Amino acid sequence: MRYFTFNGRDSRELFPLTNSIARPYLPPITVPSFSVANRAGAVSVQRNDIGTREIDVAVTFMMDSHAEVRQRVREMANFLIYKEDKILVFSDEPDLQYYARFNQSKTDLEEVAYMGQGTLHFTCYDPFAYALEEKSVAFTEMEQTIVNEGSTEAYPRFRIVPAEDSTWLKVTNVSLNKFIYYNASWTAGDALIIDHTNNRVYNEATEESLVKNITLDSEFFELQPGNNVILIQNQNASGAGVASALTVNWRERFF
């Protein structure tokens with residue numbers, strides 16, 4: 001029997017039966033284009049526009065009397081309604097999670113309660129499915145290959161703990177020719193965090209923002225699907241002090 005969890009709560013608390021889950025295999029993907037005067041057709045742009053993912057879940061439950069309807073509506077509201085996206089996981093896809101919001105504009109909870117069945121509508125404004133668990137790789141040398149097994153790019157988080165004082169630190173995705181250059185000294189044993197998901201650079205212990213020390217030609221970068229060669233450097237050409245200083249964490253994403 002299928003069911004789902006939303007914000008960590010099991011749907012079977014309220015809905016003993018999940019009749020169906022209408023979950024598209026892919027979010028809507030369109031290719032942007034523009035027209036050119038005196039030319040047939042259009043010119044495509046080198047990117048894809050990805051829309052929101054809509055998920056419909058048909059549920060059934062039983063009530064002993066109509067007097068329970070109002071209480072059941074309150075219970076459903078408490079289960080479903082939040083001001084921010086929450087994690088949605090389905091039992092038939094237990095290794096993936098969606099960031100979803102219950103869309104009340106398309107669901108009449110009172111009608112669902114009266115009828116004892118209905119369809120719950122969720123909108124994923126972030127249209128990707130995410131791996132339930134993060135992946136983590138601790139480097140043992142300056143340059144290693146990270147494999148992103150997702151179907152689209154993922155955004156890593158770097159934790160750098162040098163074994164000796166560094167006058168600068170640089171992490172490069174050699175496969176993409178993109179890098180982050182931290183142009184300031186860093187003390188051995190302290191942890192520097194470079195978060196490519198949230199575009200943050202900070203001291204792990206104090207959470208002090210250090211993005212001011214990133215050079216203007218740096219850019220937060222992704223891990224492309226497949227192989228990514230990652231290189232960490234400091235002032236020592238041999239990599240002394242940083243060869244085993246980097247840990248890479250990322251959560252794979254899927255269309």
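Worth saying up front: this structure is predicted, and the values here are computed from it rather than measured. Side chains included, hydrogens not; waters and symmetry mates left out as well; all remaining heavy atoms used.
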Grouping I, L, V, M, F, W and Y whenever their side-chain heavy atoms are under 4.5 Å apart, do [X] and [Y] come out in a common cluster?
| X | Y | result |
| --- | --- | --- |
| V161 | W168 | no |
| V248 | I214 | yes |
| I230 | L192 | yes |

Would you find a donor on one side and an acceptor on the other, under 3.5 Å apart, between the side chain of [X] and the backbone of [Y]?
| X | Y | answer |
| --- | --- | --- |
| S218 | Y181 | yes |
| R157 | T197 | no |
| T60 | Q117 | no |
| E164 | A188 | no |
| R200 | S209 | no |
| R251 | L132 | yes |

Side-chain donor-acceptor pair present, [X], [Y], cut-off under 3.5 Å:
| X | Y | answer |
| --- | --- | --- |
| S238 | N236 | no |
| N183 | T215 | no |
| N173 | N228 | yes |
| E54 | N103 | no |
| Y3 | D10 | no |

Starting at [atom1] of [X], measure out to [atom2] of [Y] and round the result to the nearest 0.5 Å.
| X | Y | atom1 | atom2 | answer |
| --- | --- | --- | --- | --- |
| N234 | D165 | CG | CG | 10.5 Å |
| Q71 | M76 | CD | CE | 11.0 Å |
| T172 | I180 | OG1 | CD1 | 9.5 Å |
| I193 | E204 | CD1 | CD | 4.0 Å |
| D126 | T52 | CG | OG1 | 11.0 Å |
| N7 | D85 | CG | CG | 11.0 Å |

Are the aromatic ring centres of F139 and F158 under 6.0 angstrom apart? no

Are [X] and [Y] packed together at the side-chain level, in the sense that at least one heavy-atom pair is separated by less than 4.5 angstrom?
| X | Y | answer |
| --- | --- | --- |
| I55 | L88 | yes |
| T187 | S185 | no |
| L223 | E153 | no |
| V57 | T119 | no |

Which label fits Y98 and F90: parallel for a plane angle under 30°, tilted from 30 to 60°, or perpendicular past 60°?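 Rings of Y98 and F90: perpendicular, over 60°.
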
F4 and F122 aromatic ring geometry - parallel, tilted or perpendicular at 30°/60° bounds: perpendicular

State whether E93 and R23 are salt-bridged, where the test is any N-O pair (Lys NZ or Arg NE/NH1/NH2 against Asp/Glu carboxylate O) under 4.0 Å. yes

With a 4.0 Å cut-off on N to O distance, would you call D195 and R159 a salt bridge?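 No.
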
How far apart are the C-alpha atoms of Y82 and F102, what are their side-chain angles, what is the distance that settles it, and do they pass the ring-ring contact (aromatic ring centres under 6.0 Å, His included) test? CA-CA 8 Å; Y82 298 93; F102 172 67; 9.8 Å; no

Take atom CG of N177 as the centre, draw a 6.0 Å sphere, and report whether it contains more than 12 heavy atoms from other residues, nucleotides or ligands.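 Atom CG in N177 is not crowded, with 12 or fewer foreign heavy atoms closer than 6.0 Å.
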
Is it the case that atom CD in E84 sees more than 12 heavy atoms from other parts of the structure closer than 6.0 Å? yes

NZ or CZ of R9 within 45° of F6 ring axis and under 6.0 Å: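 That pair does not qualify as a cation-pi contact.
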
Mind checking what makes ring-ring contact (aromatic ring centres under 6.0 Å, His included) contact with W186, not counting sequence neighbours? Y182

For Y130, the ring-ring contact (aromatic ring centres under 6.0 Å, His included) test, sequence neighbours excluded, returns Y99

Among Y155, W250, F220, ring-ring contact (aromatic ring centres under 6.0 Å, His included) partner for H196: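 Testing H196 for a ring-ring contact (aromatic ring centres under 6.0 Å, His included) against Y155, W250, F220 leaves exactly one candidate, F220.
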
